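The next block holds one structure in the form of structure tokens; read it before the comments.
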Amino acid sequence: MQSFLDEIRAAIAAETGLEEPKLERPRDPSMGDAAFPCFVLAKERKAAPPKIAQELETALNARLNRIEAKATGPYLNFTIERALLAESVLTAITEAGASYGTSSEGEGKSIVIDLSSPNIAKPMSVGHLRSTVIGAAIQRIHNALGYKTIGINHIGDWGSQFGKLVAAVNRYGDTVDLENDPIPSLLKLYVRYHEEEEDDPTLGEEAAAAFRELESGVDGPVRATWKKLTDLSLVEFDKIYARLGVQFDLVRGEAYYESHLEKTVNRIVDAGITEESEGALVVDLSSFGKIPPCLLRKTDGTTLYATRDMAAVFHRWEEFSFERCLYVVGGDQRLHFRQMKHVLDRMGLDWEPRVEHIDFGMMRLPEGKMSTRKGRVVFLDDVLDAAAAEAKRVIEAKNADLADKDATAEMVGVGAVVFNDLKRERVKDIDFKLEEVLSFEGDTGPYVQWTHARLASIERKVGDVTEAPDWSVLASAAPILGAMGRYSDVLRSAARNAEPSEITSFVLSLARDVNSWVAQERVLGQEPAVTAARLALVQGARQVIGNALTLLGVGAPMEM
RNA sequence: GCGCCCGUAGCUCAGCUGGAUAGAGCGUUCGCCUCCGAAGCGAAAGGUCGCAGGUUCGACUCCUGCCGGGCGCACCA
């Protein structure tokens, strides 16, 4: 596909003298595979665009082989000979298989991705799903383009909240069963702490003291409790990651940077941009607009979130010399990342633009923003369970003879949840509605998965065909072929914008077109050359849909 | 109050670096399982692209202002 477009561009360039003529897609695919708007030539040629299109039509037809140019109003539309388009796209897919669409353009470049990053001691809510699923998709997309990627789970395992938890464990630890039921137990302690803190000032003092001890590096009972809490939580998180099919290259909590904090602060101080304000150590950012200063050290000398993130970004740069360092973190932290980048900027570090906040919209409940403390949460595990159960119910109703119903239900249920999260532009806020997540019709993951299974089913029924395909019978599939031919462009764009929804949009549109085509063109029982060509389309479409789903982290079932 | 993000059909969203009659899904109404999977396909109805200016041959797309919603605003993360 790319080569045809290059050919068209080259012909236009030769004919008009334009260096890089811009091609776009015609409104209606039946008008052609590519369009050249002639407005840009109107001035220098001193002629109306429709007239220019007319003139160029004959000249370009003389230059192009098996591609037809046709003037339509101010546009020049190009149509690749149908059989040629089909043959070239489908053989490319067959040859590349699972690696169709991939490239090696990222070779030698490293991409660091900070994703998921849940807080220890809090159950993962559907809110945490976003960072995990978006980040993992971004990582797979970059992998497909040949980048070396480092996915880091920057666990929230440090900070004053751990002083609070340690204090809570000390006081009320015997009222819960931490060993066997860690996450709910920690949640109870967390909530209780905040309830009692108001009436009992000694509790807050105990918590603050605990965090000071933790950060002092003393290896005593406080540290032992902290270690136990984080270990118990990580085991629970891993169960969810396994269900989502997400792995990390590094699980480095904030605590990992504990030993880097001192030199991090020194480094920023040495850059000469820090100052003392109200007893705290800060970096003034007023030169960037109305932005509050970045706090590095509290009055009591302990560090903050920003300090630890600065330590992390320095460490990552030194370790990986990244091409990009992507922070897949919610939009509620935009200010934090702006401050962090401004500090890097003030330090004169030229790699500051490589650090990007890949923000995403908030997952909201009808009652408002989720809050673990206020008990206003939907737990991710419960949602995945509900989705798998719904998938199981549908399978029982529609395909009761399926071999491995539970495994398929898990694949479809989890796929529905993941796909739902990736299908809109990531900056958009989402009002969480369970019935929407559990819907398997229309623009949903299961719809795409079902399309994949249906195509696989046709392949099984047709079996092997030895006859050479008659590519010309695929004229009606031209929009599908064109889309599949553009798949690698979609990957490139999705990576550049760190936007998995570009792939969900693509695969939804492809699935829709394919289902429509399958409804009107029969594969089985045709002339062998016709069956061969249509089978090739079915195989190609299944391959591309499967490849796209895999990148999104959604299973592509052969049956469901 | 200030800053950032969002604002396209009843609802949820697409709309490529500005370009040809603004496209889907859900919901509503109608049609299609004796033909490769009805988690499907076809059709109908449904839009002052938040509002007002501006730039441009051309604006859903860029700029300014306003309105509505969301998020955030120093010792939490």
Side-chain angles (χ1 to χ4, degrees), chain A residues 22 24-28 31 35 37-40 42-43 48-49 72-75 77 117 119 156 158-161 164 254 277-282 289-300 302-306 308-309 330-336 338-339 359 361-362 364 368-369 391 394-395 397-399 412 416 423-425 427-431 433 436 439-451 453-462 486 489-490 493 501-502 504-506 508-509 512 515-525 531 534-535 538 559-560:
Chain A
K22 300 261 161 95
E24 44 190 75
R25 251 177 293 150
R27 265 261 161 276
D28 183 344
M31 291 193 283
C38 297
F39 305 98
V40 285
K43 259 183 192 154
T72 309
Y75 292 87
N77 291 329
S117 310
N119 280 325
W158 205 248
S160 49
Q161 59 163 321
K164 296 176 186 176
E254 292 183 83
S277 172
E278 297 169 33
L281 185 70
V282 308
K290 289 174 183 173
I291 287 188
C294 177
L295 266 80
L296 296 174
R297 246 190 229 294
K298 295 189 264 190
T299 315
D300 70 359
T302 56
T303 61
L304 293 105
Y305 180 42
R308 298 189 279 277
D309 248 0
D332 52 351
Q333 290 184 43
R334 287 188 181 106
L335 178 60
H336 165 72
R338 272 173 65 209
Q339 290 178 313
D359 58 345
M362 296 287 90
R364 303 181 78 257
K369 196 185 176 187
V394 175
I395 289 170
K398 296 176 188 282
N399 195 4
V412 173
K423 79 178 177 193
R424 29 180 116 36
E425 206 184 353
V427 294
K428 296 220 156 81
D429 289 346
I430 299 179
D431 288 316
K433 295 198 190 84
E436 220 165 72
S439 153
F440 296 168
E441 290 167 21
D443 284 350
T444 66
Y447 169 70
V448 179
Q449 292 175 312
W450 178 85
T451 307
R454 182 191 193 187
L455 295 175
S457 168
I458 294 175
E459 289 175 52
R460 284 194 297 273
K461 292 216 161 102
V462 175
R486 265 180 259 114
D489 295 337
V490 174
S493 174
S501 71
E502 293 184 17
T504 49
S505 290
F506 169 84
L508 274 171
S509 157
R512 239 182 276 117
N515 279 320
S516 181
W517 180 84
V518 167
Q520 57 193 56
E521 307 277 9
R522 233 184 122 68
V523 183
L524 220 51
T531 290
R534 290 182 180 164
L535 176 64
V538 165
E559 287 181 86
M560 66 184 267

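Naming convention: chains lettered A, B, ... in sequence-line order (proteins, then strands); numbering from 1 in each chain. These figures come from a predicted structure and were not determined experimentally.
With rounding to the nearest 0.5 Å, the separation of OH in A:Tyr447 from CG in A:Asn515 is 4.0 Å. Atoms CG and CZ, on A:Asn77 and A:Arg27 in that order, are 12.5 Å from each other to the nearest 0.5 Å.
We find that CZ of A:Arg424 is positioned 10 Å from P of B:U12, with the value rounded to whole Å. The CZ atom of A:Phe440 sits 12 Å away from the P atom of B:G40 (whole-angstrom rounding). One atom, CG of A:Asp431, and another, C1' of B:C71, lie 14 Å apart when rounded to the nearest Å. In this structure, CE of A:Met362 is placed 14 Å from P of B:C6, rounded to the nearest angstrom. Here B:C60 presents its C1' atom at 13 Å from CD of A:Glu425, a figure rounded to the nearest Å. The CZ atom of A:Arg364 sits 9 Å away from the C1' atom of B:C71 (whole-angstrom rounding). Remark: C1' of B:C41 and CH2 of A:Trp450 are 9 Å apart, rounded to the nearest angstrom. For the pair A:Gln339 CD and B:G3 P, the computed distance is 16 Å after rounding to whole Å.
When heavy atoms are screened at a 4.0 angstrom cut-off, A:Ala391 is found touching no nucleic acid atom at all. Counting non-hydrogen atoms under 4.0 angstrom, A:Phe39 reaches a base of the nucleic acid. As judged by a 4.0 angstrom heavy-atom cut-off over every strand, A:Asn77 is placed among the base-contacting residues. Within 4.0 Å (heavy atoms only), A:Ala42 reaches no atom of the nucleic acid at all. Within 4.0 Å (heavy atoms only), A:Arg338 reaches sugar-phosphate atoms of the nucleic acid but no base atom. No engagement by A:Pro74 is indicated, since no non-hydrogen atom pair under 4.0 Å with the nucleic acid exists. Residue A:Thr299 is in base contact, counting any heavy-atom pair closer than 4.0 Å across all strands shown. Within the nucleic acid shown, A:Ile395 comes within 4.0 Å of at least one base atom, counting heavy atoms only.
Base pairing annotation: B:G3 forms a Watson-Crick or G-U wobble pair with B:C71, both donor-acceptor distances under 3.5 Å. The base-pairing partner of B:U21, taking Watson-Crick or G-U wobble contacts with both distances under 3.5 Å, does not exist among the strands shown. Here B:C33 sits opposite no nucleotide as a Watson-Crick or G-U wobble pair (both hydrogen-bonding atom distances under 3.5 Å). B:C16 is unpaired under the Watson-Crick or G-U wobble criterion, no partner having all donor-acceptor distances under 3.5 Å. Judged by Watson-Crick or G-U wobble contacts below 3.5 Å, the nucleotide B:G65 has B:C51 as its partner. Across all strands shown, nothing is found opposite B:A38 as a Watson-Crick or G-U wobble partner with both distances under 3.5 Å. Under the Watson-Crick and G-U wobble criteria, each requiring two contacts below 3.5 Å, nucleotide B:U56 is left unpaired.
Contact check, A:Lys428 against B:G70: no side-chain N or O comes under 4.0 Å of OP1 or OP2. Phosphate contact (OP1/OP2 of B:G58, side-chain N/O of A:Lys43, threshold under 4.0 Å): absent. Phosphate contact (OP1/OP2 of B:A14, side-chain N/O of A:Ser501, threshold under 4.0 Å): absent.
Contact of the A:Ile395 side chain with the A:Met560 side chain is not registered, since no non-hydrogen atoms from C-beta on lie closer than 4.5 Å. Contact annotation: the side chain of A:Pro292 approaches that of A:Leu335 to within less than 4.5 Å [non-hydrogen atoms, C-beta and beyond]. Taking 4.5 Å as the limit, every side-chain heavy atom of A:Arg512 sits out of range of all side-chain heavy atoms of A:Thr451. Residues A:Arg297 and A:Thr302 have side chains not in contact (no heavy-atom distance under 4.5 Å, counting atoms from C-beta outward).
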Set out, line by line, the N/O atom pairs under 3.5 Å between protein and nucleotides 72-74 of chain B.
{"unit_1": "B:G72", "atom_1": "OP1", "unit_2": "A:Lys369", "atom_2": "NZ", "d": "2.4"}
{"unit_1": "B:A74", "atom_1": "N1", "unit_2": "A:Ser277", "atom_2": "OG", "d": "2.8"}

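Scanning all heavy atoms of the two residues, the minimum distance from A:Gly159 to A:Arg308 falls at CA-NH2, 3.6 Å. The two atoms that bring A:Arg338 and A:Ile291 nearest to each other are NH2-CD1, 3.1 Å, heavy atoms only.
If you take atom C1' in B:C49 and the same atom in B:G15, they sit 11 Å apart, rounded to whole Å. Annotation: B:A9 and B:C26 have their C1' atoms spaced 12 Å apart (nearest Å). The P atoms of B:G31 and B:U48 are separated by 30 Å, rounded to the nearest whole Å. Atom name C1', nucleotides B:A24 and B:A43: the rounded distance is 15 Å, in whole Å. Comparing B:A74 with B:A52, their C1' atoms are spaced 39 Å from each other, to the whole Å. Of the C1' atoms belonging to B:C66 and B:C73, the separation is 23 Å, rounded to the nearest Å. Comparing the C1' positions of B:G18 and B:G58 gives a spacing of 8 Å, expressed to the nearest Å. Here, B:G23 and B:C60 have their P atoms 13 Å apart, quoted to the whole Å.
When atom types are taken as modelled, the side chain of A:Asp429 and the backbone of A:Gly361 share no donor-acceptor pair closer than 3.5 angstrom. A donor-acceptor pair is defined here as one N or O able to donate and one able to accept, closer than 3.5 Å; no such pair exists between the side chain of A:Ser501 and the backbone of A:Lys423. With hydrogens and angles disregarded, no donor-acceptor distance shorter than 3.5 Å links the side chain of A:Lys461 to the backbone of A:Leu524.
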TODO: Determine, for nucleotides 23-36 of chain B in 5'-to-3' order, which nucleotides have protein heavy atoms under 4.0 Å from the base (write B), from only the sugar-phosphate (write S), or from neither (write -).
DONE: -SSS--------SB
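A search for side-chain hydrogen bond (donor to acceptor under 3.5 Å, both in side chains) contacts involving A:Gln339 returns nothing, not counting sequence neighbours.
Taking the syn range as angles within 90° of 0, the glycosidic angle of B:C35 is outside it, so the base is anti.
For A:Trp158 and A:Gly73, each mapped to the nucleotide of RNA chain B holding its nearest heavy atom, the one lying further toward the 5' end belongs to A:Gly73.
Between B:A77, B:U12, B:A20, one nucleotide has an atom nearer to the side chain of A:Met31 than all others, and that is B:A20.
Salt-bridge check for A:Glu436 with A:Arg424: passed, with a basic side-chain N closer than 4.0 Å to an acidic carboxylate O.
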